[in-house]
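Predicted model, so just to flag it, every value in this text is computed and none were measured.
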Amino acid sequence: MKCYKIAMIAWMGIFLPILVQASIRITDTRVNGLVNPCGTDSEGKVVFSWILASDQAETMQTAYQIAVHCKGTKVWETGKVNSDNSIAVPFEGTLKPDSEYSWTLQVWDNHGNVSEEYTSTWQTGIRTADWKAQWITASDTILPAYFRKSKSISKEVKKATAYVTSHGVYEAFVNGKRVGNYEFTPGWTSYNKRLQYQAYDITDMLQKGKNTFAATVSPGWYSGGMNSGNPEHRYKFGKDVSLLMQVHIEYANGSKECIITDKNWECCVPGKDATAKAGGITFANVYDGQTIDARLIDPNWATAEARTVWSKAKVIDIPKGHLIATVNEPVKAYAPIQSQKLIITPKGEKVIDFGQNIVGWERVKLSGKKGTQIRITHAEVLDKDGNFYTENMRAAKTTSTFILNGDETETFEPRHTFYGFRYIKIEGLEGELRLEDFEAIPICSGFDRIGEFSSSNPIINQLQHNIEWGFWGNFVDVPTDCPQRDERLGWTGDAQVFFRTASFLGKVDNFFNKWLSDLKADQRHDGRVPRIIPDTYSNGDY
């Protein structure tokens, strides 16, 4: 037995270091703080970051090596660099626009271990001069609009990228399927100086034969009248609802094609033309809510099977020099919250309580006669008597309106607006309400949530819970003062006070990088900083 123990100790002394060496690994690789981003600035700064993980205690990085390739050709490398830095290591090569890059990383640690090579990718966006698309609009009114164009493809597609932006908030579609999972793109910036575009890899969405490219655009922050104060300043950025879309296709035989928005696109405005059918959105406003008329929905509107006759889009002359690649994580929708209880108020109102104040919207299942109009109003609190209370919303209507088509069950989700609410009041729905038919969908900018705190004190834990939900609800592309009434603006004072807490709870470096770039763009010539960023005041006088 004694000899056996000695042999085991000797075996461990030989092989255990080998097992330890195998534990070093690379995780969380990022380019400009993003995971495998598509559409980074091709003329700006590129930096690499990563995390070294190990099962062995007191492990530190001592060196790294990066090699960058484009289409199989090495375009830049660091060689082995003796450094413990793994944050914002700069790329010092030259980038091409609209190109996919891969970077291979290897690291060494203080125990003499070396990791396996780890490869990640990113894709550059396009330059101002590369935009061939034209801005198109559908109407002179500030109403949601739909756009589409069909194009036949006969060759095998190797790579396809869609570049999209809008005056308003958009959703893009290819062959009836939604492109990406972001909300409220292109985000809120100082639009007349900095307008973001997004890039999407749509290679797998294309097919041989006819392909349909489509989008819906609602006023959003751009032309939705965002302001707190003088009504004359409510439409500082513009009063158009417009789309700019460009699709780059590279075929397997090496040829290329570019599909652009132009006068050959079709469009319709269901809120203006009562016979126009598309996605059913007839009204959308950040403050006032959204109207969806299910009678005006054509489920095939964004496909080659569409039968509804539309009008020709109108080309408008808008400069493109202020278009920029997206630098932050766009807004995303998160896991739904189920309704908690039904309340019949002293006034007889039908109210549903979700048990938690959130920022987002509702998802509901409804049934009823064709043409039935259902109104859902949103509130944070009930009044002292237990009745539905919206006076604190000021002029914001915060109302979803759904018009039924008469189908057995219809699902509605107003995703071109958002509300700050815990309670919803339902009007116009006959019969009993079923709690399982009502969900709340929280939204927030899509950065990582990294910081946590808990204690043995339930009151302090509840306070922390409130802080976290307040943080998520007020970080919807810009750091807002409040998410519910007719304001929701990027007050600089609020952001300054909350910055340290925000950086503990979330990975907000890209979020603030984008917002502070707008602050710089809106800064006065004499050095003054506006109270609100993006600045919604026309003349800057306070």
Side-chain angles (χ1 to χ4, degrees), residues 37-44 70-71 95-101 121-138 145-167 170-180 185-186 195-217 242-267 302-304 306 310 312-326:
C38 184
T40 63
D41 186 354
S42 61
E43 299 174 302
C70 182
K71 294 185 176 180
L95 295 173
K96 297 179 180 179
D98 190 36
S99 299
E100 188 172 39
Y101 289 83
T121 64
W122 88 94
Q123 182 173 331
T124 56
I126 55 179
R127 302 163 299 188
T128 300
D130 299 323
W131 280 102
K132 304 295 188 284
Q134 298 175 292
W135 281 98
I136 58 173
T137 189
Y146 291 83
F147 304 90
R148 73 181 176 210
K149 177 183 175 66
S150 292
K151 172 72 177 179
S152 291
I153 293 176
S154 59
K155 294 175 284 188
E156 181 181 351
V157 175
K158 180 181 179 181
K159 177 75 173 177
T161 305
Y163 297 97
V164 192
T165 190
S166 63
H167 283 178
Y170 74 83
E171 292 178 64
F173 301 86
V174 173
N175 295 325
K177 297 180 180 179
R178 188 179 174 201
V179 176
T185 47
L195 175 59
Q196 294 185 139
Y197 67 84
Q198 284 74 43
Y200 306 92
D201 184 345
I202 61 168
T203 307
D204 294 337
M205 303 181 75
L206 299 184
Q207 60 193 19
K208 283 193 175 181
K210 185 175 285 189
N211 289 261
T212 299
F213 306 90
T216 175
V217 185
S242 309
L243 174 70
L244 186 71
M245 185 172 181
Q246 182 163 310
V247 178
H248 290 192
I249 303 176
E250 180 182 356
Y251 295 105
N253 64 3
S255 62
K256 297 182 179 180
E257 186 173 11
C258 186
I259 299 171
I260 62 173
T261 48
D262 58 18
K263 65 180 181 180
N264 296 314
W265 280 57
E266 297 179 294
C267 64
T303 73
W310 287 9
K312 288 290 185 181
K314 176 184 177 183
V315 173
I316 52 179
D317 184 19
I318 300 175
K320 304 184 185 75
H322 62 307
L323 296 177
I324 58 172
T326 301

Closest non-hydrogen contact found for F147 with T137 is CE2-C, 3.7 Å
d(I202 CD1, N211 CG) to nearest 0.5 Å is 8.5 Å
Is the closest side-chain donor-acceptor distance between T212 and S150 under 3.5 Å?
yes
> Is any NZ, NE, NH1 or NH2 atom of the basic residue among E257 and K151 found under 4.0 Å from an Asp or Glu carboxylate oxygen of the other?
Replying inline: yes
- Hey, is NZ on K256 packed in by over 12 heavy atoms from elsewhere, all under 6.0 Å? no
Hits for side chain to side chain donor-acceptor pair (under 3.5 Å) against K159, two or more places apart or cross-chain, chain-then-number order -> Q123, D201
query: Passes side-chain contact (heavy atoms from CB on, under 4.5 Å), Y251 versus K158? Steps please.
result: CA-CA 5 Å; Y251 295 105; K158 180 181 179 181; 5.9 Å; no
message: Quick one: does any side-chain atom of N175 pair with a main-chain N or O of M205 as donor and acceptor, under 3.5 Å?
response: yes
- Item | Between H248 and Q246, a side-chain donor and acceptor under 3.5 Å | yes
When every non-hydrogen atom of K132 is compared with those of I260, the smallest separation belongs to O-CD1, 3.4 Å
Nearest heavy-atom contact between Q196 and Q198 is CB-NE2, 4.1 Å
Separation between CZ (R148) and CG (L243), nearest 0.5 Å, reads 14.0 Å
Name the orientation class of the two ring planes belonging to W122 and Y101 (parallel below 30°, tilted from 30 to 60°, perpendicular beyond 60°).
parallel
Of Y163, W135, Y197, W265, the one forming a side-chain contact (heavy atoms from CB on, under 4.5 Å) with M245 is W265
Output for pair (L195 CG, H167 NE2), nearest 0.5 Å, gives 5.5 Å
Taken to the nearest 0.5 Å, the spacing of R127 CZ from D98 CG works out to 10.0 Å
Sidechain-backbone polar pair: T124 side chain, K96 backbone, donor-acceptor under 3.5 Å = yes
In short, T161 meets C38 closest at the heavy-atom pair CG2-SG, 4.4 Å
K263 and K312 have their tightest heavy-atom pair at O-CD, 3.8 Å
* State, with a plain yes or no, whether a side-chain heavy atom of V174 is found less than 4.5 Å away from one of Y200. => no
| Would you say the side chain of T185 lies within less than 4.5 Å of the side chain of V164, judging by non-hydrogen atoms? | no
Closest non-hydrogen contact found for A199 with G39 is CB-CA, 3.6 Å
Tell me whether the count of non-hydrogen atoms from other residues, nucleotides or ligands lying under 6.0 Å of NZ in K320 goes above 12. yes
task: Verify the neighbour count for atom CG of D204: are there more than 12 heavy atoms of other residues, nucleotides or ligands below 6.0 Å?
output: no
When rounded to the nearest 0.5 Å, the distance separating CD1 of I136 from OG1 of T261 is 5.0 Å
The reported gap from OG in S242 to OH in Y170 (rounded to nearest 0.5 angstrom) is 14.5 Å
